[in-house]
Amino acid sequence: MTWTIAVAGATGYAGGEVLRILSAHPDLEIGALTANSSAGTLLGAHHPHLPLLADRVVEPTDAQRLRGHDAVVLALPHGASGAVARALEEAGTGGAAGPVLVDCGADHRLTSARAWSRFYGTEHAGAWTYGMPELLHAGEDTAQTQRRELAATDRIAVPGCNVTAVTLAAQPGVGAGLVDPTRVTAVLAVGYSGAGKALKPHLSAAEALGSAQPYAVGGTHRHIPEIIQNLEVAGACEGTVGLSFTPVLVPMSRGILATVTAPVTPAVLDAPDPEGTLRAPWERAYGHPGTGEPAVHLLPEGTWPVSGAVTGSGLATVQVTLDRQAGVATMVCAVDNLGKGTASAAVQSLNLALGRPETTGLTLQGVAP
């Protein structure tokens with residue numbers, strides 16, 4: 001069976017990465033490509049790396065153009081997806097089923113309207129099913145509940161890219177009660193494509209090359225409540241997660257390397273084999289390459305994630321070790337912010353919603369050098 005799929009926001013970085021994946025998907029036929037400010041132009045002017053779609057004309061984003069598809073990916077700026085989704089629902093007629101909607105923006109990620117209002121300052125659009133198949137729920141050793149929810153939904157909220165890296169790094173230890181979620185510190189090296197295509201002086205090559213820039217420092221980054229939400233789903237008591245989160249732009253076009261630390265609990269320090277005790281939940285959650293999570297690889301002990309190894313892929317690599325002197329777990333995750341951080345997660349979740357194997361059409365090998 002073949003499904004038709006439209007992409008709104010097709011000319012941005014996220015939209016382009018979604019289209020790159022969809023172009024190789026055996027079950028999805030690309031339909032309307034829309035974007036408001038660049039409507040009327042050819043897609044090749046924005047994504048010359050997609051020659052098979054270069055002659056497609058970009059159309060305006062409106063409900064009627066998107067409605068006649070089996071699925072719609074909303075690769076739109078934060079705050080725009082909610083309005084488009086409402087317009088699509090209002091455009092439905094005669095009780096006909098509408099498309100599966102996949103939101104790559106932030107509009108439908110948070111379950112708390114209060115958290116949304118605090119960090120985004122606008123009206124909450126409501127929560128959709130969270131598009132991270134590997135998200136652990138309290139009491140689970142392996143992700144089962146989230147996959148069942150995705151298989152039963154027609155509304156998917158793709159996680160934030162930084163959120164994906166921090167969640168995958170830390171959730172097994174939080175769920176197992178082996179790390180203290182009240183004192184989590186996350187420092188991330190982030191590629192510039194995460195800032196989008198908007199032209200801003202501090203994002204120019206003159207400012208970026210040879211320099212590292214922290215941003216949204218001091219508890220202000222909008223991904224903070226989403227990470228807290230995920231760690232609570234994994235097993236942290238509601239209202240107890242303490243997260244210090246600092247992203248740093250580094251001179252690479254794409255990629256995230258998240259280093260997360262948190263104190264370990266006495267269950268680790270008092271164990272006969274502290275290192276093995278700490279590592280065990282990650283082994284249960286992610287397994288081994290080829291037999292465990294298809295898009296999350298726990299690396300062999302002593303091998304560390306590097307962002308370049310997952311560039312261009314939908315793969316996350318993870319490692320954990322015990323810092324005995326500091327009494328903390330050091331948890332590291334590498335993702336491509338446009339791959340597993342956005343577009344690959346969107347297609348992976350959409351596959352589940354359509355009843356397809358979740359890795360259909362995905363690239364799980366990076367590009368080197």
Side-chain angles (χ1 to χ4, degrees), residues 1-44 46-47 50 52-77 80-105 107-108 125-126 128-131 149-158 314 338 342-362:
M1 181 175 178
T2 300
W3 291 269
T4 59
I5 184 166
V7 177
T11 59
Y13 287 140
E17 187 71 358
V18 167
L19 289 171
R20 186 174 75 90
I21 297 171
L22 293 179
S23 295
H25 198 294
D27 303 324
L28 296 175
E29 178 183 337
I30 299 173
L33 306 179
T34 77
N36 282 333
S37 61
S38 51
T41 63
L42 296 180
L43 189 74
H46 308 278
H47 298 308
L50 302 176
L52 297 180
L53 300 171
D55 293 334
R56 296 286 300 274
V57 176
V58 179
E59 303 177 68
T61 298
D62 62 59
Q64 291 305 323
R65 284 183 171 84
L66 300 174
R67 174 70 189 174
H69 299 79
D70 297 306
V72 176
V73 174
L74 303 173
L76 300 170
S81 298
V84 174
R86 286 191 297 271
L88 276 166
E89 290 166 353
E90 292 168 359
T93 58
V100 178
L101 300 183
V102 183
D103 184 8
C104 292
D107 292 30
H108 301 94
W128 288 357
T129 305
Y130 198 67
E149 292 182 1
L150 285 165
T153 193
D154 60 2
R155 296 290 185 271
I156 297 167
V158 179
L338 295 176
T342 306
S344 287
V347 177
Q348 185 181 359
S349 298
L350 177 60
N351 282 334
L352 287 168
L354 295 176
R356 304 300 300 140
E358 66 184 80
T359 58
T360 304
L362 298 186

Quick one: list whatever passes side-chain hydrogen bond (donor to acceptor under 3.5 Å, both in side chains) with [X], sequence neighbours left out.
{"X": "Tyr13", "value": "none"}
{"X": "Thr34", "value": "Thr61"}
{"X": "Thr153", "value": "Thr129"}
{"X": "Asp27", "value": "Arg356"}

Tell me the closest heavy-atom pair linking [X] and [Y], and the distance in Å.
{"X": "Asp107", "Y": "Gly82", "answer": "OD2-N, 2.9 Å"}
{"X": "Asp103", "Y": "Ser81", "answer": "OD1-OG, 2.7 Å"}
{"X": "Pro99", "Y": "Arg67", "answer": "CD-NH1, 3.8 Å"}

Check your understanding: Ala10: what forms a side chain to side chain contact (heavy atoms under 4.5 Å, CB included) with it, not counting sequence neighbours?
Key ->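 Ala10 satisfies side chain to side chain contact (heavy atoms under 4.5 Å, CB included) with Val7, Leu19, Leu33, Leu43 once adjacent residues are dropped.
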Practice item. Quick one: list whatever passes side chain to side chain contact (heavy atoms under 4.5 Å, CB included) with Asp154, sequence neighbours left out. Key: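 Scan of Asp154 (side chain to side chain contact (heavy atoms under 4.5 Å, CB included), adjacent residues dropped) gives Val100.
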Exercise for review: Hey, could you give me each pair passing salt bridge (Lys or Arg N to Asp or Glu O under 4.0 Å) that has a residue in residues 9-23? Not counting sequence neighbours.
Suggested key: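 Listed by first then second residue: Glu17-Arg20, Glu17-Arg254.
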Point to revise | Pair listing, salt bridge (Lys or Arg N to Asp or Glu O under 4.0 Å) test, anchored in residues 342-354, at least two apart | key: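 For residues 342-354: none.
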Side-chain donor-acceptor distances from residues 69-76 under 3.5 Å, at least two apart:
from	atom 1	to	atom 2	distance (Å)
His69	ND1	Leu66	O	3.0
His69	NE2	Ala32	N	3.1
Asp70	OD2	Thr4	N	2.8
Asp70	OD2	Thr4	OG1	3.3

Practice item. Answer yes or no: is there a side-chain heavy-atom contact under 4.5 Å between Asn351 and Thr359? Key: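 Asn351 does not reach Thr359 side chain to side chain.
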Practice item. May I ask you to test the Ile5-Leu350 pair for a side-chain heavy-atom distance under 4.5 Å? Key: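 Side-chain contact under 4.5 Å: yes.
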**Study point:** Set of residues satisfying ring-ring contact (aromatic ring centres under 6.0 Å, His included) with respect to Trp128, sequence neighbours excluded
**Key:**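 Residues passing ring-ring contact (aromatic ring centres under 6.0 Å, His included) with Trp128: His108.
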Check your understanding: Does His47 have any ring-ring contact (aromatic ring centres under 6.0 Å, His included) partners at least two apart in sequence or in another chain, and if so, which?
Key ->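 Testing His47 for ring-ring contact (aromatic ring centres under 6.0 Å, His included), a comparison that skips the adjacent residues, returns His49.
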Point to revise | Backbone N/O of Gly31 and side chain of Arg56: donor-acceptor pair under 3.5 Å | key: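 Between the backbone of Gly31 and the side chain of Arg56 there is a qualifying donor-acceptor contact (under 3.5 Å).
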Check your understanding: salt bridge (Lys or Arg N to Asp or Glu O under 4.0 Å) with Glu59: which residues, sequence neighbours excluded?
Key ->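 Once residues adjacent in sequence are excluded, the partners of Glu59 under the salt bridge (Lys or Arg N to Asp or Glu O under 4.0 Å) criterion are Arg65.
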